[in-house]
**Q** 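Here you go, one structure.
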Amino acid sequence: MLLSQSEQQETLIFNMTSNQPIQAKVIENWTQWKNECPITAKNAFNQLYASAMFRFTEKPKQPVMLLASSNDRLVSHQCSKALSKHTEWPLISHSTAGHDLTLDEPEWVTKQAAEFYVRLLA
């Protein structure tokens, strides 16, 4: 089956952000969203620019927990470690998931969030 250009792009993104086998339904949904709500080049540039210019000036007052994957192929796990060290926020790492934790391991993410919330209430 031949993939459209949009499907090919979404497949590339899936492969960069997930460590799971290709999920056709995910590619189909992402392609549909892309076609319904296209990202403009200006918006993409603005997001990249904002991320490059971001400076951490003040820690939020609410509790924060960091989730990351030590097997992330898009962003170095060392960035999460550095952020955790700098902020003194707890870092919980998954060993096999990709960059998109909620795609690869949604149950694990939910469990971590629930446990964090329970700890806050204790």
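Because the structure is a prediction, the values reported are computed rather than measured.
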**Q** Can you tell me how far CD1 of I27 sits from CD of Q8, rounded to the nearest 0.5 angstrom?
**A** 11.5 Å
**Q** Decide yes or no for S93 and H77: does some side-chain heavy atom of the first lie under 4.5 Å from some side-chain heavy atom of the second?
**A** yes
**Q** Excluding sequence neighbours, so at least two apart, what forms side chain to side chain contact (heavy atoms under 4.5 Å, CB included) with F45?
**A** Y49
**Q** Can you measure from CG (N35) to OG (S6) and round to the nearest 0.5 angstrom?
**A** 4.5 Å
**Q** Tell me whether F54 is reachable from V64 by hopping between hydrophobic residues (I, L, V, M, F, W, Y) whose side-chain heavy atoms are closer than 4.5 Å.
**A** yes
**Q** Only counting residues at least two apart or in another chain, list the ones meeting side-chain hydrogen bond (donor to acceptor under 3.5 Å, both in side chains) with S4.
**A** E7
**Q** How would you list, by chain and number, every residue that makes a ring-ring contact (aromatic ring centres under 6.0 Å, His included) with H99, sequence neighbours excluded?
**A** none
**Q** Just by distance, with hydrogens left out, do T96 and N71 show a side-chain donor and acceptor under 3.5 Å apart?
**A** no
**Q** Of all residues at least two apart in sequence or in a different chain, which pass the side-chain hydrogen bond (donor to acceptor under 3.5 Å, both in side chains) check with S70?
**A** none
**Q** If a pair satisfies salt bridge (charged side-chain N to carboxylate O under 4.0 Å, His left out) and one of its residues is in residues 64-73, list it, with sequence neighbours excluded.
**A** none
**Q** For residues 83-91, dump all side-chain donor-acceptor pairs below 3.5 Å to protein atoms at least two apart in sequence or in another chain.
**A**
residue : atom : partner : partner atom : Å
S84     : OG   : W89     : O            : 2.5
T87     : OG1  : L83     : O            : 2.7
T87     : OG1  : W89     : N            : 3.2

**Q** Can you list every pair that meets salt bridge (charged side-chain N to carboxylate O under 4.0 Å, His left out) and has a residue in residues 42-68, with sequence neighbours left out?
**A** E58-K61
**Q** For residues 109-119, which side-chain donor-acceptor pairs fall under 3.5 Å, sequence neighbours excluded?
**A**
residue : atom : partner : partner atom : Å
T110    : OG1  : P106    : O            : 2.9
K111    : NZ   : E115    : OE2          : 3.3

**Q** Please list, chain by chain and in numerical order, all residues satisfying side-chain hydrogen bond (donor to acceptor under 3.5 Å, both in side chains) with Q5, sequence neighbours excluded.
**A** none
**Q** Does N19 offer a backbone N or O that forms a donor-acceptor pair with the side chain of D104 under 3.5 Å?
**A** yes
**Q** Determine which pairs satisfy ring pair (Phe, Tyr, Trp, His ring centres under 6.0 Å) with at least one residue from residues 8-29, sequence neighbours left out, and list them in order.
**A** F14-W30
**Q** Checking the side chain of S18 only, and the main-chain atoms of N15 only, is there a donor and an acceptor separated by less than 3.5 Å?
**A** no
**Q** Are M65 and L120 connected in the hydrophobic side-chain network, where two residues link if heavy atoms are under 4.5 Å apart?
**A** yes
**Q** Any side-chain donor-acceptor pair under 3.5 Å between T102 and D100?
**A** yes
**Q** If you look only at pairs with a residue in residues 14-28, which of them pass as a salt bridge (charged side-chain N to carboxylate O under 4.0 Å, His left out), with sequence neighbours excluded?
**A** K25-E28
**Q** Is there a path of hydrophobic side-chain contacts, each under 4.5 Å between heavy atoms of I/L/V/M/F/W/Y residues, joining L103 to M16?
**A** yes
**Q** Taking only residues two or more places apart in sequence, or in another chain, which ones meet Q23 in a side-chain hydrogen bond (donor to acceptor under 3.5 Å, both in side chains)?
**A** none
**Q** Is it possible for you to say whether L74 and L67 belong to one hydrophobic cluster, with membership spreading through side-chain heavy-atom contacts below 4.5 Å?
**A** no
